[in-house]
Amino acid sequence: MSFRERVYAVVMRVPAGRVMGYGHVGAVLGSPRLARQVGWALASLPRDTTVPWHRILRSSGRLALQGDPARGMLQRALLEDEGIVFEADCLPMARYGWMPP
DNA sequence: ATAATGACTGAAT
DNA sequence: AATTCAGCCATTA
């Protein structure tokens, strides 16, 4: 089982309308310092994937993909479709954040 | 085996 | 408040 597959397994557990930070996913995988590797795993995801990659955000609830406007807008649109309300490019992790039981 | 890369993060400017 | 810097570590070359 590769690192990627473990990342996908965690991300796919996140219910609609909830989000997780890269560091949180890394923490579930073993260490909060795996954030970058989580990012790498999602970056190598195919476009037609069923993995809800848009539910993974940067720390403090800021959106990832800020360097890529096209995908950034897509991520925001997907999250809003799930009922998440943004507060000026950020969203309250305290409310939408999720951790596996 | 070594070196470079990056959807990150937290501290320091 | 906005940027830059320096660690991080799986993957790739």
Side-chain angles (χ1 to χ4, degrees):
Chain A
M1 194 181 201
S2 67
F3 184 85
R4 272 192 310 201
E5 295 170 318
R6 301 206 282 156
V7 171
Y8 303 157
V10 172
V11 174
M12 283 188 292
R13 283 198 191 112
V14 182
R18 294 303 189 81
V19 301
M20 260 181 103
Y22 291 93
H24 289 154
V25 175
V28 172
L29 295 179
S31 165
R33 309 171 171 202
L34 293 170
R36 277 183 106 143
Q37 285 62 261
V38 173
W40 167 86
L42 297 181
S44 64
L45 224 44
R47 294 178 184 170
D48 53 19
T49 183
T50 59
V51 179
W53 55 269
H54 53 278
R55 296 183 192 144
I56 308 304
L57 319 176
R58 272 181 157 233
S59 63
S60 311
R62 284 192 293 280
L63 267 178
L65 300 180
Q66 38 185 21
D68 192 332
R71 285 181 201 173
M73 286 170 51
L74 172 62
Q75 179 175 22
R76 176 163 177 160
L78 289 168
L79 290 172
E80 289 180 330
D81 277 348
E82 298 182 347
I84 291 175
V85 180
F86 282 73
E87 294 180 357
D89 291 352
C90 298
L91 64 76
M93 287 282 281
R95 175 171 182 143
Y96 298 111
W98 181 86
M99 274 290 269

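All values below come from the heavy atoms of this structure, side chains included, with hydrogens, waters and symmetry mates left out. Residue numbers start from 1 in every chain, and the chains themselves are labelled A, B, ... in the order their sequence lines are given, proteins ahead of strands.
- A:L34 places its CG atom 15 Å from the C1' atom of B:dA7, with the value rounded to the nearest Å.
- Taking atom CH2 on A:W40 and atom P on C:dC9, their separation rounds to 16 Å, with Å as the unit.
- In this structure, OH of A:Y22 is placed 9 Å from P of B:dA7, rounded to the nearest angstrom.
- B:dA7 atom C1' lies 9 Å from atom CZ of A:R71, rounded to whole Å.
- Rounded to whole Å, the distance from CZ on A:R76 to C1' on B:dA7 is 18 Å.
- Within 3.5 Å, a donor on the side chain of A:R36 pairs with an acceptor on the base of C:dG7, or the reverse.
- In the hydrophobic clustering of this structure, A:M99 does not group with A:V19; members are Ile, Leu, Val, Met, Phe, Trp, Tyr whose side-chain heavy atoms approach within less than 4.5 Å, directly or through other members.
- For A:S59, a side-chain nitrogen or oxygen approaches OP1 or OP2 of B:dT9 to under 4.0 Å.
- Proximity note for A:Q37 (side chain, C-beta onward) versus B:dC8, B:dA7, B:dG6: the nearest is B:dG6.
- Cation-pi geometry between A:R76 and A:F86 is met: under 6.0 angstrom from the ring centre, within 45 degrees of the axis.
- In this structure, the CG atom of A:L29 is 16 Å from the P atom of B:dC8, given to the nearest Å.
- Rounded to whole Å, atom P of B:dA7 lies 10 Å from atom CZ of A:R58.
- Side-chain atoms of A:R55 and A:E82, non-hydrogen and from C-beta on, do get closer than 4.5 Å to each other.
- Atom P of nucleotide B:dC8 and atom CE of A:M20 are separated by 16 Å, given to the nearest angstrom.
- Inter-residue side-chain proximity for A:R4 and A:L42 is flagged as unmet; no heavy-atom pair is nearer than 4.5 Å.
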